[in-house]
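Below is one structure, written out as structure tokens; the observations come after it.
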Amino acid sequence: MDVCLAFRAGKGLGSLPFDELFMLGMERENDLQLRGHPVSYQGKKGNAFLGTSFLLFNSGFDKRVYQHPWFDISLGPLFDGGKTYDEPGRFASPSWLWDLGLQSKVRVRNGSVLVISYGKSLHESRSVWFVALSR
């Protein structure tokens, strides 16, 4: 069983331009993954919580469920929590955001990993399917 726990925090100093605010959610170009919150809506960005500072907690547990000479498949739950902070009334999350979900990884012997995740927000009725390929 593989266990992954990560805690991240960040704070921008001074007055940050809009495109440099921290963004929590699922998007190809974003590494601050809150896996039950989509960053885009109907293909357009602008659905994420933004802020000049953030706290983010990601956890996941992977159990190998199938092993083949060329690839392995693992499956396990995920649990994320996060909050963005900003001036009152701007773009920050109103409270802590919590997500639950399920994640599957297909590890190929050449080092490639296909990750398929489904996250559900406990704060709102949002959910996200996300597929990523990495080396």
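The basis for the numbers below is simple: all heavy atoms, side chains too, and nothing from hydrogens, waters or symmetry mates. Note that the structure is predicted; figures quoted are calculated from it, not measured.
For the atom pair CG of Leu78 and CG of Asn58, the computed distance is 8.5 Å after rounding to the nearest 0.5 Å. To the nearest 0.5 Å, the span separating NZ on Lys63 from CG on Asp2 amounts to 10.0 Å. With values rounded to the nearest 0.5 angstrom, Ile116 atom CD1 is found 8.0 Å from Trp129 atom CH2.
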Tell me, with the steps shown, if Thr52 and Leu21 meet side-chain contact (heavy atoms from CB on, under 4.5 Å). CA-CA 5 Å; Thr52 55; Leu21 295 174; 3.7 Å; yes

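Nearest heavy-atom pair across Leu24 and Asn30 is C-ND2, 4.1 Å. The two atoms that bring Ala9 and Leu55 nearest to each other are CB-CD2, 3.6 Å, heavy atoms only. Heavy-atom minimum distance, Pro77 versus Leu102: N-CD1, 4.1 Å. Scanning both residues, Ser104 and Ile73, for their nearest heavy atoms gives OG-CG2, 4.0 Å. Of all non-hydrogen atoms in Arg126 and Gly36, the two that sit nearest each other are CB-O, 3.8 Å.
Side-chain heavy atoms closer than 4.5 Å link hydrophobic residues (I, L, V, M, F, W, Y) into clusters, and following such links, possibly through other members, connects Leu100 to Phe7. In terms of hydrophobic clustering, with Ile, Leu, Val, Met, Phe, Trp and Tyr side chains grouped at heavy-atom distances under 4.5 Å, Phe130 and Met23 are assigned to different clusters. Put simply, Val113 and Trp70 are part of two different groups of oily side chains (I, L, V, M, F, W, Y) that touch within less than 4.5 Å, one to the next. Following chains of ILVMFWY side-chain contacts shorter than 4.5 Å, one cannot reach Val128 starting from Leu133, and the two form parts of different hydrophobic clusters. The cluster map of Ile, Leu, Val, Met, Phe, Trp and Tyr, joined by side-chain heavy atoms under 4.5 Å apart, puts Leu16 and Val39 in the same cluster.
The ring-ring contact (aromatic ring centres under 6.0 Å, His included) analysis of residues 14-33, with sequence neighbours excluded, yields the pairs Phe18-Phe91, Phe22-Phe54. Sorted by first and then second residue, the side chain to side chain donor-acceptor pair (under 3.5 Å) pairs involving residues 106-122 (not counting sequence neighbours) are His37-Ser121, Asp72-Arg109, Ser74-Arg107, Asn110-Ser112.
Listed by chain and residue number, Arg8 satisfy the side-chain contact (heavy atoms from CB on, under 4.5 Å) test with Asp31 (two or more places apart in sequence, or in another chain). Under the rule for a ring-ring contact (aromatic ring centres under 6.0 Å, His included), Phe49 has no partner lying at least two apart in sequence or in another chain. With sequence neighbours excluded, the residues forming a ring-ring contact (aromatic ring centres under 6.0 Å, His included) with Tyr66 are Phe71, listed by chain and number. Among residues two or more places apart in sequence or in another chain, the ring-ring contact (aromatic ring centres under 6.0 Å, His included) test is passed with Trp98 by Phe79, Trp96.
The side-chain heavy atoms of Leu114 and Val131, taken from C-beta on, include a pair separated by under 4.5 Å. Between Leu50 and Asp86 the shortest side-chain heavy-atom distance does not fall below 4.5 Å. The shortest side-chain heavy-atom distance between Asp62 and Gln103 falls under the 4.5 Å cut-off.
Salt bridge status for Asp80 with Arg35: present, with a side-chain N to carboxylate O gap under 4.0 Å.
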